[in-house]
Each structure stands twice: as structure tokens, then as C-alpha cells.
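Note sheet for the following structure.
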Protein chains: 2
Amino acid sequence: MRSPESAARERAKEPGRRAGQLSRLEIQRAALRIVDLAGLAELTVRRLAQSLHVTPMAIYRYFPNKAALEATLVDLVVSDSAVTAHDTPELRLWLLHTFARMRHALCRHPGIMPLLGTASHSSGNALAIVEQVLGRMRSHGIGSGDATRLFYRATAFTLGSVVMMDSVSLAHFVKPRPVQDELRRQQRHGFAALPKTEFPQVVAASAALADCYSGKRFEQELLGVIDDALQAAPHS
Amino acid sequence: MRSPESAARERAKEPGRRAGQLSRLEIQRAALRIVDLAGLAELTVRRLAQSLHVTPMAIYRYFPNKAALEATLVDLVVSDSAVTAHDTPELRLWLLHTFARMRHALCRHPGIMPLLGTASHSSGNALAIVEQVLGRMRSHGIGSGDATRLFYRATAFTLGSVVMMDSVSLAHFVKPRPVQDELRRQQRHGFAALPKTEFPQVVAASAALADCYSGKRFEQELLGVIDDALQAAPHS
DNA sequence: GAGTGCGTGTATACGTTGTATACTACCGTG
DNA sequence: CACGGTAGTATACAACGTATACACGCACTC
């Protein structure tokens with residue numbers, strides 16, 4: 001591929017990296033970068049290795065196979081959403097922000113969404129968020145059962161809204177991922193252009209549907225979900 | 001591969017199929033069968049062709065590429081959930097059954113879930129359900145805005161709950177897909193086995209969390225979501 | 001009927017992929 | 001200063017998606 005020393009030297013130049021050694025995290029980040037720039041289908045062991053100035057087989061010192069690598073990417077993205085401490089005193093708003101941040105993190109990496117459908121992609125970081133959310137609710141006097149229920153509703157709604165967003169996207173390729181408003185406009189036109197005799201309701205509600213699918217009304221509805229659940233649960 | 005006539009004869013034996021000709025639908029069904037039996041990763045053009053007693057390149061007369069074939073599978077599964085007319089008079093129960101059937105259909109084909117995260121997988125059949133749901137609500141006197149909102153909440157919750165189910169599944173391979181109770185038990189043990197100092201809340205709520213992730217409490221919570229939304233919307 | 005054009009499936013081939021296996025160079029320890 | 005383990009390399013291979021060119025058989029005209 002290239003003379004071994006030159007490759008090592010080149011990677012060693014990166015600041016803060018001792019002797020240019022690889023690491024799981026470094027590989028994961030490089031993989032995520034490729035997925036963001038070119039889509040999941042373009043994430044290839046060879047391309048990944050090249051971006052790290054390393055031989056393809058070097059990856060296999062850190063991951064048993066490509067699937068194992070991919071399985072860690074969702075958790076990596078989720079962990080990015082948890083960095084800020086974000087102290088909002090009011091519970092409902094804190095929940096809103098927490099789930100909104102999670103959604104935001106996922107939306108910034110649309111390429112990984114197929115991985116949401118593969119088994120066992122959540123590990124420590126995702127669990128840490130579960131723990132945090134449950135703890136916060138309990139500390140506001142919400143019972144364990146009610147807290148779990150609210151968590152379930154909010155999480156499912158959040159993940160589902162992310163999946164819905166992709167489902168009608170007309171932009172097959174990730175490259176110039178349309179911004180929310182642009183996506184909304186495209187979807188709205190898509191709905192409105194359907195045969196009115198076959199889909200009268202969809203055509204009539206095309207604007208509102210586009211607001212939902214594009215995620216424009218996500219926070220508003222999430223707050224509704226939270227409030228409904230909180231109303232049924234005694235708390236301070 | 002094999003003598004051409006023998007292959008054609010063999011397929012021609014299938015009843016109702018004129019001259020043993022292929023068709024998009026026939027290919028899709030065969031693809032889904034492979035995904036069900038062996039997982040999405042095992043869906044290969046060559047294997048698919050073999051299961052249809054045909055040369056790999058024959059597939060490309062019906063689909064421009066493999067991705068285009070895969071993109072149709074979600075819609076195929078969804079369409080299976082819509083066959084029954086299921087006339088439940090009461091609106092809230094009708095909605096419950098409709099979304100529950102959708103979830104059921106998706107759960108029967110766990111292999112396609114990664115496809116939920118790829119763009120543009122919904123077409124006619126999914127839209128038909130949207131149309132049906134909106135129409136039913138409107139005919140019960142619910143306004144367009146409220147109907148769309150309820151649709152959004154219920155759909156996102158349903159899809160999200162499907163995604164959640166997969167996310168903690170310990171059974172990496174689809175083959176003997178654990179039944180709900182078995183899955184629940186595995187998940188519960190997984191949650192309960194976490195370090196109690198790091199995840200006290202998760203460990204304490206392990207049973208309830210397993211109920212959520214395994215989907216055991218899906219219908220119950222979906223009904224809650226529906227009722228909350230209906231309460232805010234005037235209807236008959 | 002005899003040609004004939006087109007649609008359906010075939011044969012062959014190529015570049016790319018994931019990864020098994022065997023190797024080499026280096027670094028910290030004795 | 002030997003030397004064993006660790007990190008990365010070199011090479012190889014089977015399987016993949018699919019481009020290209022071809023063969024066959026049915027539905028037409030004349």
C-alpha cells in the first residue's frame with residue numbers, strides 16, 4: 001500500500017496521539033465521518049483504513065468485524081447528545097430539552113438510522129441517559145411506575161419521529177441533506193401532488209402532514225406527550 | 001447454472017403463473033422470505049435468484065438495483081397489515097387495533113427494520129393507511145388539525161416502540177426470534193445485571209423497563225396516547 | 001404460415017468487498 | 001541485550017453487485 005514508516009509518521013503527526021497508535025474511539029469517529037459525508041453504504045473497511053492511513057486489516061485488531069464496528073456508532077452519536085449538563089429546573093422543560101437533544105443528535109447523522117433497526121446497538125451511553133431521565137423524575141417525586149411509563153412514551157415518540165422523518169424523504173442521498181424547511185416543502189408538495197380522488201384526506205392535510213413528517217412540530221407534540229403523562233402522575 | 005429449459009419448466013409448475021414468468025411481486029415475496037429466514041445481510045441477489053430458479057441477472061429486469069428492491073419491502077410488509085377490514089365501531093378501539101396490527105406486521109419481519117431507517121421506503125400501501133386513519137377520524141367529527149396530531153403521535157409512538165424493541169435485543173440473529181415473553185425475560189435480566197451503583201434507577205425498574213422494551217406494554221400505552229389525544233379533540 | 005421484433009432470461013466477466021492467514025517490526029521487560 | 005507480545009502489514013480468496021453481450025420464444029404483421 002505504502003512504505004510502512006511513512007504511514008506511521010504521517011499518523012504520528014496528529015497532535016496528542018502517542019506514537020500514532022490507533023484506538024477504538026479513533027476508528028469509530030473516522031467511521032462516523034465517512035457515514036456523514038458519504039452515507040452508510042460508502043462505509044467500507046478499506047476506505048475507513050485509508051482515511052486513517054492504515055492497512056484494512058489493522059481495523060480488525062480493534063473490532064472483530066465490520067458489523068461490530070457499526071453497532072457502536074449509534075451509541076457514539078447518542079453520547080454526543082449527552083455532553084452538556086443543561087440544568088433546566090422545571091421538570092417538563094428539562095425532559096423536553098433532553099429528548100429534543102437526543103433527536104437533534106440523531107438528525108445530525110442521518111446515515112446511521114438504518115443502524116437503529118439492528119439489534120443490540122445501545123450500550124453504556126444510551127443506558128446512562130435512561131438512568132439520568134429516570135433519576136430526575138424520581139427526584140421530583142414521581143413514582144417508579146409513572147416514571148417508566150413517561151420514559152417509554154417519550155422515547156418511543158422521539159425515535160419514531162426520527163424514523164418518520166426519513167420515511168418520506170425524497171432526497172435519497174445524504175450529501176446535501178435538506179434543511180428542515182426545505183424538507184418540509186418537498187414533502188408537502190409530495191403529499192399535495194397525490195391523486196385527490198384516491199387520497200382526499202392526505203391531500204387536504206398535506207401541509208400539516210409535512211409539518212409532522214419533517215419534524216417541524218416535534219417539540220410541540222413532544223411537550224404534549226410529556227404533559228399528558230405528567231398530568232396522570234402526582235409530582236412536585 | 002442449470003439447463004435453461006429445466007429451470008423454466010420447474011417454475012412454470014407453480015399454479016396460476018402463466019408460462020412461469022417472473023414478476024416484481026413474486027421477487028419481493030421471495031426476498032422477504034429470505035430476510036425472514038436468514039436476516040437482511042443474507043439477502044443477496046444470487047441467493048434470491050437461486051430461490052426463484054433463475055439467473056441473478058434476471059432480477060435486474062424488474063429492479064434497477066438491489067437497493068430499489070429492498071426499498072419496496074417495508075411497503076410490502078405494511079400492506080399485509082392492511083388486508084383485514086376489521087370493523088370496530090368505537091373509534092378509540094379501532095385506532096388501537098389499526099396501529100397494533102401495523103406493529104404486529106413489522107414485528108413478524110424483524111429483518112426489515114434497518115430498512116425503516118432508509119429514505120423513501122413508503123409508497124402506496126403506507127399512504128393508504130394514512131388516508132384510512134385520517135378519514136375515519138374525520139368521519140367521527142374530529143377536525144383536520146386534531147386528526148393529524150393524533151395520527152402523528154400514534155404513528156411515531158408505534159414506530160418508536162418497534163425500534164426500541166430491537167435496540168436491546170440480545171438475540172443478534174433472527175433465526176429463533178424469541179417470543180415476547182422470552183425477550184422480556186432476557187431484557188429484564190440484562191437490566192437487572194447492570195452495576196447497581198452506576199445505574200440504580202435502571203436496576204430498580206428493570207422489570208418495568210423490560211415490559212416496555214419488549215413491547216409487552218405497547219397496547220396499553222398506545223391506548224393511553226390515543227385517549228389523551230382524543231380528550232383534547234371534540235368528537236362524537 | 002413465415003418471418004421478425006421485442007421482451008424475458010442467460011452467460012460471462014470485472015472490480016470491489018469483508019476477512020483468514022501468515023508475516024514483520026517494534027517496545028517494554030527480564 | 002535477548003526476546004515475547006502487540007500493532008500493523010502483505011497477500012490471498014470467496015462472494016458480492018452489476019455491466020455487457022447474447023439466445024430464445026411469444027405476439028405480431030404480411
Side-chain angles (χ1 to χ4, degrees), chain A residues 1-14 17-28 30-31 34-35 38-73 114-115 118 172, chain B residues 1-14 17-28 30-31 34-35 38-73 114-115 118 172:
Chain A
M1 166 155 283
R2 63 202 302 164
S3 98
E5 334 139 39
S6 93
R9 291 291 136 69
E10 208 166 312
R11 290 197 310 104
K13 268 189 247 166
E14 294 162 21
R17 182 135 308 292
R18 195 206 74 211
Q21 259 209 169
L22 234 44
S23 74
R24 277 177 68 94
L25 186 60
E26 194 179 359
I27 294 173
Q28 290 167 220
I34 291 175
V35 171
L40 188 59
E42 294 297 317
L43 174 59
T44 227
V45 177
R46 288 171 151 90
R47 180 165 176 175
L48 175 60
Q50 194 177 11
S51 85
L52 291 162
H53 304 289
V54 134
T55 266
M57 289 313 291
I59 308 293
Y60 291 88
R61 292 275 162 202
Y62 299 85
F63 298 92
N65 52 51
K66 190 191 168 193
L69 201 204
E70 289 177 342
T72 70
L73 294 185
L115 299 176
T118 58
H172 236 102
Chain B
M1 168 155 284
R2 63 201 301 163
S3 98
E5 334 141 41
S6 92
R9 291 292 134 71
E10 208 165 312
R11 291 198 307 106
K13 269 188 250 171
E14 294 161 19
R17 181 135 309 290
R18 197 207 69 211
Q21 261 209 169
L22 236 42
S23 73
R24 277 177 68 95
L25 186 60
E26 195 179 356
I27 295 174
Q28 291 167 212
I34 291 176
V35 171
L40 188 59
E42 295 297 316
L43 174 58
T44 229
V45 176
R46 287 171 150 91
R47 180 165 179 177
L48 176 60
Q50 193 177 11
S51 85
L52 290 163
H53 305 288
V54 133
T55 267
M57 291 311 294
I59 308 293
Y60 291 89
R61 291 276 165 204
Y62 298 85
F63 297 93
N65 51 52
K66 191 192 169 193
L69 200 205
E70 289 178 343
T72 70
L73 294 185
L115 299 176
T118 57
H172 236 102

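In the text below, chain A, chain B and the rest are named by the order of the sequence lines, each starting its count at 1.
For the pair A:Tyr62 and A:Leu22, the tightest heavy-atom approach, listed with the atom from each and the gap, is OH-O, 3.3 Å. For the pair B:Leu73 and B:Ala31, the tightest heavy-atom approach, listed with the atom from each and the gap, is CD2-CB, 4.3 Å.
One can find a donor-acceptor pair under 3.5 Å joining the base of D:dG17 and the side-chain atoms of B:Arg46.
Rounded to whole angstrom, the span from the CD atom of B:Glu42 across to the C1' atom of C:dT17 amounts to 15 Å. Rounding to whole angstrom units, OH of residue A:Tyr60 and P of D:dT11 are separated by 19 Å. When the P atom of D:dG8 is taken as reference, atom CZ of A:Phe63 falls 13 Å away, rounded to whole Å. Atom CD1 in A:Ile59 sits about 11 Å away from atom C1' in D:dG8, given to the nearest Å. At whole-Å resolution of the value, CE in A:Met57 and P in C:dG18 are 11 Å apart. The CZ atom of B:Arg47 sits 9 Å away from the P atom of D:dC16 (whole-angstrom rounding). Going from atom CG of A:Leu22 over to atom P of D:dG8 covers 5 Å, rounded to whole Å. Regarding A:Glu26, its CD atom lies at a distance of 9 Å from the P atom of D:dG8, rounded to whole Å.
Counting only distance, with no hydrogens or angles, the side chain of A:Thr44 and the backbone of A:Arg47 share no donor-acceptor pair below 3.5 Å.
Between C:dT17, C:dA11, D:dA10, one nucleotide has an atom nearer to the side chain of A:Thr44 than all others, and that is C:dT17.
Residue-to-nucleotide proximity on DNA chain D shows that, of B:Arg61 and B:Lys66, the 5′-proximal contact is made by B:Lys66.
Contact between the side-chain N/O atoms of B:Tyr62 and the OP1/OP2 oxygens of C:dG9 is found at a separation under 4.0 Å.
Once rounded to the nearest 0.5 Å, the distance linking CG of B:Leu40 with CG of B:Leu115 reads 5.0 Å.
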